[in-house]
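Below, all heavy atoms of this structure are taken into account, side chains as well, without hydrogens, waters or symmetry copies. Throughout, a chain's letter reflects where its sequence line sits, starting with A, and its residues are numbered from 1.
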Amino acid sequence: MKRTLISELDNDHLGKTVTVEGWIHEIKRLKSVDFIMLRDKTGIVQVTVKKTETPIGIDLGSLTRESVMRVTGEFPEKQISKKMKEITASKIDLLNVAATPLPLPVAENIESDLETRLNNRFLDLRRHENYAIFHTKSNLLWGIRSFLHTHGFVEVNTPKIVASSTEGGADLFRVQYFEMDAYLNQSPQLYKEILISSGFERVFEVGPAFRAEKHNTTYHLNEFTSIDIEMGFSNHEDAMAMLEGSVKSGIENALSHAHNSGNYQLRMLEVPELPFPRVEYSKCLSMVQNAGGKIEFGEDFGPEHLRVIGEKYPGFYFITKWPSELRPFYTMVDPDDETLTNSFDLQFREREITSGAQRVHDPEMLRRRFVAKGLNPEDFQFYLNAFRYGMPPHAGWGLGLERLAMILLDLKNIRETSLFPRDRTRIVP
RNA sequence: GCCCCGAUAGUGUAGCGGCCUAUCAUACGGGCCUGUCGAGCCCGUGACAUGGGUUCAAAUCCCGUUCGGGGCGCCA
């Protein structure tokens, strides 16, 4: 018999025989009747087994929580259960038995340590509240994808195994590539720019980025999902417009498809209004200095500084016109003030989620910027070549998907938004 | 790389020199209960990360080790 998802049990099914499949959430055995709460991705249903009736095929005493089973029975017109839908079982197939006791509670409202949860992630993710994070993340990404698609972007995939570092400074994971040394790419930056030279006009990529920084915080991962775009014949203003549009579209989509199986409360941000405020770096600098923060022009804001700024701008906002010493070699300087750049970060309160800019498109300027940053242009020949034969002005950004998901769902630790997070000490599972 | 902090049953916790053959909740095993729905009641199993030291006495104090958490730096 065809399987029915628990969420599909509606008035149309009343009085009919249905088959549901899932995991045993909970078992309650009374003298004359047994109740089995059966859970699938979409919800929980109560399976009622009356002891007076004909045998249903299995020994109920052998059932354990989280075992997998198939139940066929009536979805009765008269629903006695007060809290959830109910099926009266006529046949139960035990498809697989779960060992006991469980290394992690699935049905209980007992919060386990993140460490314990991640060690048993397969079980942890059976909790609907955790599944909801990834359901939301998926819808967030789809919303962003569809926005970019409708604005003429083509989705591309660039190599993650590369010969040289993207920006020089950051630590990379080294890998052995046959007889050569290679690295895991920290960003698709150079490749997406090359594709602008190739005339793709507008590209975006969703893929992993690797950073070998030994950071130990609740908002860093060593492998994260980067959403990167690059657009030709465009400047930083165009890129910012595309970014705020993407974020809004992603959040709209996440909200309109919010997963709710009923046994938890999903909290989400409201759809933000556009445009996001644009605040220049110099203005942020004065704000921090006025609040007593010790910081000079040319220095990056620390967490305390960003908290000061975030109090003034509690939602999404851009910090623009960053000093050139804080930005990578490919960032275009401000034509009106060469100590500044046509760059921006997207912030949510004190959290940075995106970094972007108009890029340098003149090969000679790019060469000078390499040297100024202490990099050897010879190491980036494959990249520079793309600029020598007709590179349009262009701009783009890179957005940390896990950080955006974390903000959307108000989660305290970024590891919650990664199925199998890679941090300073974790590579398993 | 730097600075703080922590480790007690399957899970989450209390205890912080003798009252600890270690608390509570939940899970797990057994029993009771005419449909439960955060079910209830009774009984039971189950833990002081590890190696040293201090002390008459260590879960408790000190040191090392292992594992973990948080913050900073850096960034998405």
- Task: With C1' as the reference atom in both, quote the distance from B:A76 to B:U8 in angstrom, rounded to an integer.
- Result: 39 Å
Can you give me the N/O atom pairs linking the protein to nucleotides 30-34 of chain B at distances under 3.5 Å, or say none if there are none?
| unit_1 | atom_1 | unit_2 | atom_2 | d |
| --- | --- | --- | --- | --- |
| B:C33 | OP1 | A:Lys31 | NZ | 2.8 |
| B:C33 | OP2 | A:Lys31 | NZ | 3.2 |
| B:C33 | N4 | A:Arg29 | O | 3.0 |

- Note on the structure: When rounded to whole Å, the CG to P distance for the pair A:Asn109 and B:A25 reads 17 Å
- Task: Just compare B:G35, B:C28, B:A76 and give me whichever is closest to any side-chain atom of A:Ser355.
- Result: B:A76
- Task: Considering only atom C1', compute the distance from B:C4 to B:C75 and round it to an integer number of Å.
- Result: 23 Å
- Query: If only atom types and distance count, is the side chain of A:Glu299 paired as donor or acceptor with the main-chain N or O of A:Glu296 below 3.5 Å?
  - Reply: yes
- Item | Side-chain N,O (A:Tyr219) to OP1/OP2 (B:G71) below 4.0 Å | no
- Task: Rounded to whole angstrom, note down the C1' distance from B:G53 over to B:A14.
- Result: 28 Å
Polar-atom pairs under 3.5 Å, protein N or O versus N or O of nucleotides 4-12 of chain B: list them with distances, or write none.
| unit_1 | atom_1 | unit_2 | atom_2 | d |
| --- | --- | --- | --- | --- |
| B:G10 | O2' | A:Leu102 | O | 2.9 |
| B:G10 | O2' | A:Pro103 | O | 3.4 |
| B:U11 | O2' | A:Ser112 | OG | 2.9 |
| B:G12 | OP1 | A:Asp113 | N | 2.8 |
| B:G12 | OP1 | A:Thr116 | OG1 | 2.8 |

- Message: Strictly distance-based, threshold 3.5 Å: is any side-chain N or O of A:His394 a donor or acceptor partner for the main-chain N or O of A:Glu193?
- Response: no
- Message: Of the options B:C28, B:C75, B:G35, whose atoms approach the side-chain atoms of A:His220 most closely?
- Response: B:C75
- Would you mind telling me which of B:A39, B:C28, B:C74 lies closest to the side-chain atoms of A:His215? B:C74
- Task: Grab the CD-P distance between A:Glu299 and B:G73 for me, whole Å please.
- Result: 11 Å
- Item | Pairing partner (Watson-Crick or G-U wobble, both distances under 3.5 angstrom) of B:U60 | none
Listing, residues 305-320 of chain A side-chain donor-acceptor contacts under 3.5 Å, not counting sequence neighbours, or none:
| unit_1 | atom_1 | unit_2 | atom_2 | d |
| --- | --- | --- | --- | --- |
| A:His305 | ND1 | A:Gly302 | N | 2.9 |
| A:Tyr313 | OH | A:Lys283 | NZ | 3.3 |
| A:Tyr317 | OH | A:Arg349 | O | 2.8 |

- Message: Taking side chain to side chain contact (heavy atoms under 4.5 Å, CB included) as the criterion, tell me which of A:Leu346, A:Asp345, A:Leu399 meets it with A:Ser355.
- Response: A:Asp345
- Ignoring hydrogens and angles, tell me if any N or O in the side chain of A:Ser234 forms a donor-acceptor pair with the backbone of A:Gly232 under 3.5 Å. yes
- Nearest-Å distance for atom pair NZ/C1', residues A:Lys83 and B:A39: 11 Å
- Atom CZ of A:Arg351 to atom C1' of B:C74: distance rounded to whole Å? 13 Å
- Item | Polar side-chain contact A:Thr100-B:C28 base: donor and acceptor under 3.5 Å | no
- Message: Partner lookup for B:G68, please. Criteria are Watson-Crick or G-U wobble with both distances under 3.5 angstrom; report none if nothing qualifies.
- Response: B:C5
- For B:C75, take OP1 and OP2 only and decide whether either is under 4.0 Å from a side-chain N or O of A:Arg327. no
- Query: Expressed in angstrom and rounded to an integer, what is the separation of A:Glu115 atom CD from B:G70 atom C1'?
  - Reply: 14 Å
- Measure the distance from CG on A:Asn413 to C1' on B:G68 and round it to the nearest whole Å. 13 Å
- Query: With respect to the side chain of A:Arg211, which nucleotide from B:G68, B:C75, B:C74 is positioned closest?
  - Reply: B:C75
- Query: Shortest non-hydrogen contact from A:Ala241 to A:Arg278?
  - Reply: N-NH2, 4.1 Å
- The answer to which of A:Gln46 and A:Thr218 contacts RNA chain B further toward the 5' end, by nearest nucleotide, is A:Gln46
- Note on the structure: Any strand, both distances under 3.5 Å, Watson-Crick or G-U wobble: B:U23 pairs with none
- Query: Counting only side-chain N and O atoms of A:Arg65, is one of them less than 4.0 Å from OP1 or OP2 of B:C28?
  - Reply: yes
- Query: If the C1' atom of B:A59 is compared with that of B:G15, how far apart are they to the nearest Å?
  - Reply: 8 Å
- A:Ser112 side chain vs A:Arg117 backbone, donor-acceptor pair below 3.5 Å: no
- Just call it for A:Asp300: base, sugar-phosphate, or nothing, with non-hydrogen atoms closer than 4.0 Å on any strand. sugar-phosphate
- Message: Do A:Thr225 and A:Glu402 pair up side chain to side chain, a donor and an acceptor below 3.5 Å, judged on atom types alone?
- Response: yes
- Item | Complement of B:G40, any strand, by Watson-Crick or G-U distances under 3.5 angstrom | B:C32
- Task: Determine the interplanar angle of the A:Trp322 and A:Tyr281 rings, folded into 0 to 90°, and report it as parallel if under 30°, tilted if 30 to 60°, perpendicular if over 60°.
- Result: tilted
- Item | Atom-pair distance (CD on A:Glu304; C1' on B:C3), nearest Å | 14 Å
- Mind calculating the distance between CZ (A:Arg307) and P (B:G71) to the nearest angstrom? 9 Å
- Message: With rounding to the closest Å, how many angstrom separate the C1' atoms on B:G17 and B:U55?
- Response: 9 Å
- Taking OP1 and OP2 of B:U36, is either one under 4.0 Å from a side-chain nitrogen or oxygen of A:Thr48? no
- How far does the C1' atom of B:G46 sit from the matching atom of B:A57, given to the nearest Å? 27 Å
- Task: Would you please determine if the base of B:G35 is stacked by A:Phe35, with stacking meaning a centroid separation under 5.5 angstrom and planes under 30 degrees?
- Result: no
- Query: Counting only distance, no hydrogens or angles, is the base of B:G35 paired donor-acceptor with the side chain of A:Lys28 under 3.5 Å?
  - Reply: no
- Item | Short side-chain to backbone donor-acceptor contact, A:Glu223 and A:Arg422, under 3.5 Å | no
- Task: Examine distances only and state if a side-chain atom of A:Asn235 and a backbone atom of A:Glu237 form a donor-acceptor pair shorter than 3.5 Å.
- Result: yes
- Would you say A:Ser226's side chain and A:Asp228's backbone share a donor-acceptor pair under 3.5 angstrom? no
